[in-house]
Amino acid sequence: MPRTRVVIYCEESGASPFLEWFERLPSKAQDKCRVRIERLEELGHQLRRPEADMLREGIYELRASFQGIHYRLLYFFHGRSAAVLSHGIVKERVVPDKEIDAALRRKQQFGHAPERHTYKE
């Protein structure tokens, strides 16, 4: 099975909601999230619970926990070979609809102009 390319969504301004969130996490939590991202690269569409789950309308979550805190990395697929990290949250009870809606807006924007919404270092 070919590896899934994981890309990071960015706004037209170049800002990345995912990176802004990720950089504020404790280093051990970042490590847990990186492991999940690597698994997404390895398994792509085949990744399932407990590591990932479908939320709705093509929006998925990568699931990582550290010291009782539940981190969720929201993502979507672009075609068969790319997964796009939208943003991350700390989950309380459920992933709020407004967070899924934000990921849906980003999915639509990315679909219209992938090159404009792909983070470049």
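Counting only heavy atoms from C-beta outward, the side chains of Asp101 and Pro96 never approach each other to under 4.5 Å. Considering only heavy atoms from C-beta on, Cys10 stays 4.5 Å or farther from Thr118 through its side chain. Contact of the Arg63 side chain with the Arg49 side chain is registered, since non-hydrogen atoms from C-beta on lie closer than 4.5 Å. With a 4.5 Å cut-off on side-chain heavy atoms, His70 and Val90 do not count as touching. In this structure the side chain of Leu73 never reaches within 4.5 angstrom of the side chain of Glu61, judged on heavy atoms. Proximity of Arg72 to Leu62: side-chain heavy atoms (C-beta onward) are nowhere separated by under 4.5 Å. Under the 4.5 Å side-chain criterion, counting only non-hydrogen atoms from C-beta, Leu55 is not in contact with Tyr60. Contact annotation: the side chain of Phe66 approaches that of Lys28 to within less than 4.5 Å [non-hydrogen atoms, C-beta and beyond].
Val95 and Phe22 are members of different hydrophobic clusters when ILVMFWY side chains are connected at heavy-atom separations under 4.5 Å. Clustering ILVMFWY residues whenever any of their side-chain heavy atoms sit less than 4.5 angstrom apart, transitively, puts Leu85 in a cluster other than the one holding Val35. Tyr71 and Ile89 fall into different hydrophobic clusters, defined by Ile, Leu, Val, Met, Phe, Trp and Tyr side-chain heavy atoms under 4.5 Å apart, directly or through other members. Clustering ILVMFWY residues whenever any of their side-chain heavy atoms sit less than 4.5 angstrom apart, transitively, puts Tyr119 in a cluster other than the one holding Leu74. Leu47 and Ile8 fall within the same hydrophobic cluster, where Ile, Leu, Val, Met, Phe, Trp and Tyr residues are linked whenever their side-chain heavy atoms come under 4.5 Å apart, directly or through other members.
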For this session: Assess whether side chain to side chain contact (heavy atoms under 4.5 Å, CB included) is satisfied between Asp97 and Arg56, documenting all intermediate values.
Result: CA-CA 10 Å; Asp97 283 338; Arg56 69 174 158 88; 3.8 Å; yes

Problem set entry | Check against side chain to side chain contact (heavy atoms under 4.5 Å, CB included), Gln109 and Glu11 | CA-CA 9 Å; Gln109 291 170 337; Glu11 303 290 351; 4.1 Å; yes

Problem set entry | side chain to side chain contact (heavy atoms under 4.5 Å, CB included) assessment of Phe76 paired with Ser86 | CA-CA 7 Å; Phe76 53 87; Ser86 170; 4.2 Å; yes

Problem set entry | Test log, rule side chain to side chain contact (heavy atoms under 4.5 Å, CB included), inputs Thr4 and Ser81 | CA-CA 5 Å; Thr4 299; Ser81 62; 5.9 Å; no

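Taking the six-membered ring for Trp and thresholds of 30 and 60 degrees, His117 and Tyr9 have nearly parallel ring planes, at less than 30 degrees apart. Between Tyr75 and Phe77, the ring planes lie perpendicular to each other; the angle is over 60°, past the 30° to 60° tilted range.
Checking side-chain atoms of Glu57 against main-chain N and O of Leu104 turns up no donor-acceptor pair under 3.5 Å. A donor-acceptor pair under 3.5 Å is formed between the side chain of Arg24 and the backbone N or O of Glu20. Looking only at distances, a side-chain donor or acceptor of Arg48 sits under 3.5 Å from a matching main-chain atom of His45. Side-chain atoms of Ser65 never come within 3.5 Å of backbone atoms of Gly68 as a donor-acceptor pair (strictly under, hydrogens ignored).
Rounding to the nearest 0.5 Å gives a distance of 5.5 Å between CZ of Arg106 and NE2 of His87. The CZ atom of Arg105 sits 12.0 Å away from the CD1 atom of Ile100 when rounded to the nearest 0.5 Å.
Surrounding NZ of Lys91 are more than 12 heavy atoms belonging to other residues, nucleotides or ligands, all under 6.0 Å away. A 6.0 Å sphere centred on CD of Glu115 holds more than 12 heavy atoms belonging to other residues, nucleotides or ligands. For Lys98, the NZ atom sits in a loose shell: 12 or fewer heavy atoms of surrounding residues, nucleotides or ligands are nearer than 6.0 Å.
A salt bridge links Asp31 to Arg34: at least one charged side-chain nitrogen sits closer than 4.0 Å to a carboxylate oxygen. Under the 4.0 Å criterion applied to side-chain N and carboxylate O atoms, Arg5 and Glu41 are not assigned as salt-bridge partners.
Residues Arg36 and Ala64 come closest through the heavy atom pair CG-CB, 4.1 Å.
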